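Below: one structure, written as C-alpha cells.
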Amino acid sequence: MTMPLFEKPGTKSRYGASADVMARVIEVAGEMPFTGFLQQRIFQPVGMDSTSHLPPADQQAGMARIYTQNADRGLELVESRINATIDWTPGGSGIVSTVPDYMRLGLMLRNGGELDGVRIFRADTIVQLTTPQIDGVLADRGMEGMGWALGMAVVMEQDRTPTIDRSGDYWWAGYFGTYWAMSPEADLVSVVFSQYEPGPHTDLPFVVDLSSSVAMMGL
C-alpha cells in the first residue's frame, strides 16, 4: 500500500510524527529501548539525573501543575492530561525534566557537544544539528523568518520573526510552556519552564519574548 506525500521533500515544513519514527529507528539501530538509549548516551553522561520519560501515575506527585488562561484572562488549573498509558516510547513527547537538567543540555550544545570534560557529540555534529535544512517552519502559525534544523527551530531572518532575537539563534518549546534557546552571537543559553498550556484565550507566551529579549541584549 502506498500513499501520496503532502509535499515534495525539502520544499515545506510540516509538523508531524517524524521524531516518533526516528525513535523507532534508534531502537532498531541501537538494539535497545529508546528510553534506555537516551539514559545511556545522553542523560547520564550530561548529568541530567532528574530527566526521564514520564513516570507511572503513582510517581508523579512531585510534578508541576499546569495552568492556562480563561476567558477573563485569569489563570486556571488544567486537569492533568499526562497520565495516558501507551505501549511504546515516543520520540516527540513524554520527557519530563527540571530547569537545572535542561540547562546542562543547553550548555552541552553551546560548548559544541561537550560538558565538564565529557564529549557527547562531535563539534561538526552540533554544527549540522543547528544548521537550517528548510525555511518556513511555524509560518502557518504566524511566525515568519524561522527555519528548521535537525530537531529544532533556527532564526534565519531576525527582522521577520515576531520575537526579539538574532539570526542563528536556535530553540524549541514543549507544549506545556517549556522553552529553551541558545544564542551563539550573545553566547547565552536560556531555559524557562512556565507550565502553561496554550488555549483559545492565550497569546504567544510572554516568556518567549522575555527570553529572546535577554538573548538579543546579550545580558
Side-chain angles (χ1 to χ4, degrees), residues 15-66 78 80-131 133 148-154 170-184 188-197 207 211:
Y15 196 87
S18 57
D20 298 328
V21 175
M22 179 189 66
R24 181 54 185 157
V25 171
I26 290 174
E27 288 185 329
V28 174
E31 299 182 336
M32 67 173 67
F34 183 55
T35 184
F37 183 90
L38 292 179
Q39 287 290 344
Q40 179 179 314
R41 300 292 292 273
I42 298 180
F43 298 157
Q44 291 177 6
V46 174
M48 301 172 68
D49 300 328
S50 299
T51 303
S52 66
H53 271 88
L54 186 67
D58 61 357
Q59 299 178 25
Q60 295 179 15
M63 294 180 63
R65 292 185 172 186
I66 300 169
V78 175
S80 176
R81 299 193 180 112
I82 56 176
N83 291 327
T85 300
I86 56 177
D87 58 1
W88 59 285
T89 305
S93 63
I95 295 290
V96 293
S97 188
T98 62
V99 170
D101 270 20
Y102 226 87
M103 177 57 76
R104 291 190 64 81
L105 180 67
L107 290 173
M108 181 271 292
L109 295 172
R110 176 260 181 196
N111 292 340
E114 182 179 356
L115 185 65
D116 295 339
V118 178
R119 178 155 293 281
I120 309 301
F121 298 106
R122 295 194 302 266
D124 60 339
T125 299
I126 299 298
V127 172
Q128 294 180 40
L129 188 69
T130 58
T131 298
Q133 305 296 315
W148 183 251
L150 300 180
M152 62 192 75
V154 181
Y170 54 89
W171 63 275
W172 198 239
Y175 178 71
F176 293 115
T178 50
Y179 172 83
W180 76 274
M182 168 59 195
S183 177
L188 180 72
V189 179
S190 57
V191 178
V192 179
F193 283 10
S194 63
Q195 301 308 122
Y196 181 72
E197 182 182 32
V207 293
S211 301

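Keep in mind that the numbers below use all heavy atoms, side chains included, and drop hydrogens, waters and symmetry copies. All values derive from a computational prediction rather than experimental measurement.
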How about E114 and F121: do any of their side-chain heavy atoms sit closer than 4.5 Å?
-> no
Roughly how far, to the nearest 0.5 Å, is CD1 of I42 from CE of M108?
-> 6.5 Å
Could you grab the distance from atom OG1 of T35 to atom NE2 of H53, nearest 0.5 Å is fine?
-> 5.0 Å
Counting only heavy atoms not in R119, do more than 12 sit closer than 6.0 Å to its CZ atom?
-> yes
Spacing of D20 atom CG and S93 atom OG [to the nearest 0.5 Å] = 6.0 Å
Heavy atoms of P90 and A23 approach each other most closely as C-CB, 4.3 Å
Note, R104 side chain near V46 side chain (heavy atom, < 4.5 Å) = yes
L109 and I126: side chain to side chain contact (heavy atoms under 4.5 Å, CB included), yes or no, with the steps?
-> CA-CA 7 Å; L109 295 172; I126 299 298; 3.7 Å; yes
Can you find a pair of side-chain heavy atoms, one from D49 and one from Q44, that are under 4.5 Å apart?
-> no
Pairwise side-chain contact, Y102 with F193, heavy-atom cut-off 4.5 Å (strictly under) | yes
Which atom names give the shortest non-hydrogen contact between R41 and I120, and what distance separates them?
-> O-CG2, 3.8 Å
Backbone N or O of T131 within a donor-acceptor pair of the Q133 side chain at under 3.5 Å?
-> yes
All heavy atoms of S194 vs all of G177, minimum pair found to be OG-O, 2.8 Å
Hey, is the main chain of F176 close enough, under 3.5 Å, to the side chain of E197 for a donor-acceptor pair?
-> no
To the nearest 0.5 angstrom, please state how far the CG atom of D101 sits from the OG atom of S50.
-> 4.5 Å
Please lay out, stage by stage, how R110 and L188 fare under the test side chain to side chain contact (heavy atoms under 4.5 Å, CB included).
-> CA-CA 8 Å; R110 176 260 181 196; L188 180 72; over 6 Å; no
Residue pair F43 / I95, side-chain heavy-atom distance below 4.5 Å | yes
Mind checking the OH-CH2 spacing from Y170 to W180? Nearest 0.5 Å is all I need.
-> 5.5 Å
Taking side chain as C-beta onward, heavy atoms only, is T178 less than 4.5 Å from Q195?
-> yes
Is there a side-chain contact between Y179 and W171, using heavy atoms and a 4.5 Å cut-off?
-> yes
Closest approach of M63 and V96, non-hydrogen atoms and distance?
-> CE-CG1, 3.5 Å
What distance separates M152 CE from L129 CG, expressed to the nearest 0.5 Å?
-> 4.0 Å
Side-chain touch M48/L105, heavy atoms, less than 4.5 angstrom | yes
Looking only at heavy atoms, which two atoms of V118 and P45 are closest? And how far apart?
-> CG1-O, 3.9 Å
